[in-house]
There are 2 protein chains.
Amino acid sequence: MRQFIVLGHDAPTTADFPLDDIAGGAGRLDVLCRCVNSAFFLSHDIRESVRVHLVLADEFTVTFDGADLRRLNPDERSTAALVRGALDEREEAIGHMPVETSPGVSLTRRGFEPVLEDVASESTVVQLHEDGDPVVDVAPPADPAFVLSDHHDFEPAEADLLADAADHRVRLGPERLHADHAITVAHNYLDTGGFAEY
Amino acid sequence: MRQFIVLGHDAPTTADFPLDDIAGGAGRLDVLCRCVNSAFFLSHDIRESVRVHLVLADEFTVTFDGADLRRLNPDERSTAALVRGALDEREEAIGHMPVETSPGVSLTRRGFEPVLEDVASESTVVQLHEDGDPVVDVAPPADPAFVLSDHHDFEPAEADLLADAADHRVRLGPERLHADHAITVAHNYLDTGGFAEY
């Protein structure tokens, strides 16, 4: 199982945003939608053994589970509609109990810390960092979890939580990438057994 | 200079499509828009030494040139608007003369064959193919050009043209990727000097 946590700092927490303006009025939800695309799509296939957690303004989390996903399409707008559909049920999300809002999509009332704690309990947490070890020097873990941020850097408190939870600190290359591109590169690194064995 | 040619088999050739339905009514223009995103965006930066050619239904080509690009945003909708703006000038695109329709965006009345011929004259053409050599075994060329297809496979005639023009045939990994993800992986391969030297 590969997991990705993506922090949406300006992301909406209510369902009253227009799908025509996800890169503007909806707090750059487009970034998060592209992360979902990168995490799940193969050519004519879905990666089933993947889970993505979109943390919305540290208040709600929408989780996509590849094993159960239906109705996911590659375009940003339709993914944003799934997030909006999840937020439509926000009153049902009580405590940390997930509410399934579409097949394979669920909502919890959780911020970054409890989500990271849950994921870290079953995964090897990999921190992407420009000062990390070159990814080619790190053997790919069996159940990795990557934590990424939207168009903003991590807040200091988030960076501290992540540094505490991280088992590895790696960099994917010499360039700083968008979160969705980092997910694609991370998948390729894992697909090829860490490049070296490929 | 890195170049990417992307074939949009169902892409629009007139400007009368709605931006609300680019994954449907506009012939999967969303796929092409994501390719433009992957080709140009770094975190808080644009790759200037990149050119992308979107071939629309083998009739028109919209070229994005990183050296001159302005007004490119990462979301699909705003990139689709640039393509639509280019097609608004379709009557001005006569012969193979480019018409600049926005800074760094130009339209030509050309299909795949003349575009490939032009690009091949100044680049090392790399064909991505599941039976190709593992990319890690191929030294990254200085001026590579990658040719990709949208959600459809290459037509037999297109595959023949590409095979004739290709200097290398490589595969990026064991999985078949969407075109935009392949662009991201190709960039990473080139950024890291072919992984091995990284």
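Reminder, nothing fancy here: chain letters follow the sequence lines and each chain counts from 1. Treat the numbers as computed from the prediction; the structure is a model and nothing was measured.
Within residues 12-38 of chain B, the residues having any heavy atom less than 4.5 Å from a heavy atom of chain A are, in residue-number order, B:Asp20, B:Ala23, B:Arg28, B:Asp30, B:Arg34, B:Asn37, B:Ser38.
Linking ILVMFWY residues whenever their side-chain heavy atoms come closer than 4.5 Å, directly or via other members, leaves A:Phe40 and A:Val55 in distinct clusters. Residues A:Leu128 and A:Val125 do not share a hydrophobic cluster, defined by chaining ILVMFWY side chains whose heavy atoms lie under 4.5 Å apart. Put simply, B:Val99 and B:Leu54 are part of two different groups of oily side chains (I, L, V, M, F, W, Y) that touch within less than 4.5 Å, one to the next. Hydrophobic clustering of Ile, Leu, Val, Met, Phe, Trp and Tyr side chains at less than 4.5 Å, counting indirect connections, unites A:Leu69 with A:Phe4. Taken together through direct or relayed side-chain contacts under 4.5 Å among Ile, Leu, Val, Met, Phe, Trp and Tyr, A:Val83 and A:Leu72 form part of one hydrophobic cluster.
Side chain of B:Glu76 to main chain of A:Asp75: no donor-acceptor pair is present (N/O by atom type, distance under 3.5 Å, no hydrogens or angles). In terms of modelled atom types and a separation under 3.5 Å, the side chain of B:His178 and the main chain of A:Leu42 share a donor-acceptor contact.
Under the 4.5 Å side-chain criterion, counting only non-hydrogen atoms from C-beta, A:Asp191 is in contact with B:Pro174.
Heavy-atom contacts from other residues, nucleotides or ligands closer than 6.0 Å to CD of B:Glu100 number more than 12. Atom CD of B:Glu117 has 12 or fewer heavy atoms from other residues, nucleotides or ligands within 6.0 Å.
Within the model, atoms CG of B:Leu177 and CG of A:Asp45 stand 11.5 Å from one another, a figure rounded to the nearest 0.5 Å. Atom CG of B:Asp180 is separated from atom NE2 of A:His181 by 7.5 Å, given to the nearest 0.5 angstrom.
Residue contact with chain A, scored on non-hydrogen atoms closer than 4.5 Å, is absent for B:His187.
Residue pairs that meet the salt bridge (Lys or Arg N to Asp or Glu O under 4.0 Å) test with at least one member in residues 53-68 of chain B, sequence neighbours left out, are B:Arg51-B:Asp65.
Annotation for B:His44 and A:His151: closest pair CE1-O, 3.4 Å, computed over non-hydrogen atoms. Of all the heavy atoms in A:Leu172 and B:Asn188, the pair that sits closest is O-ND2, 3.0 Å.
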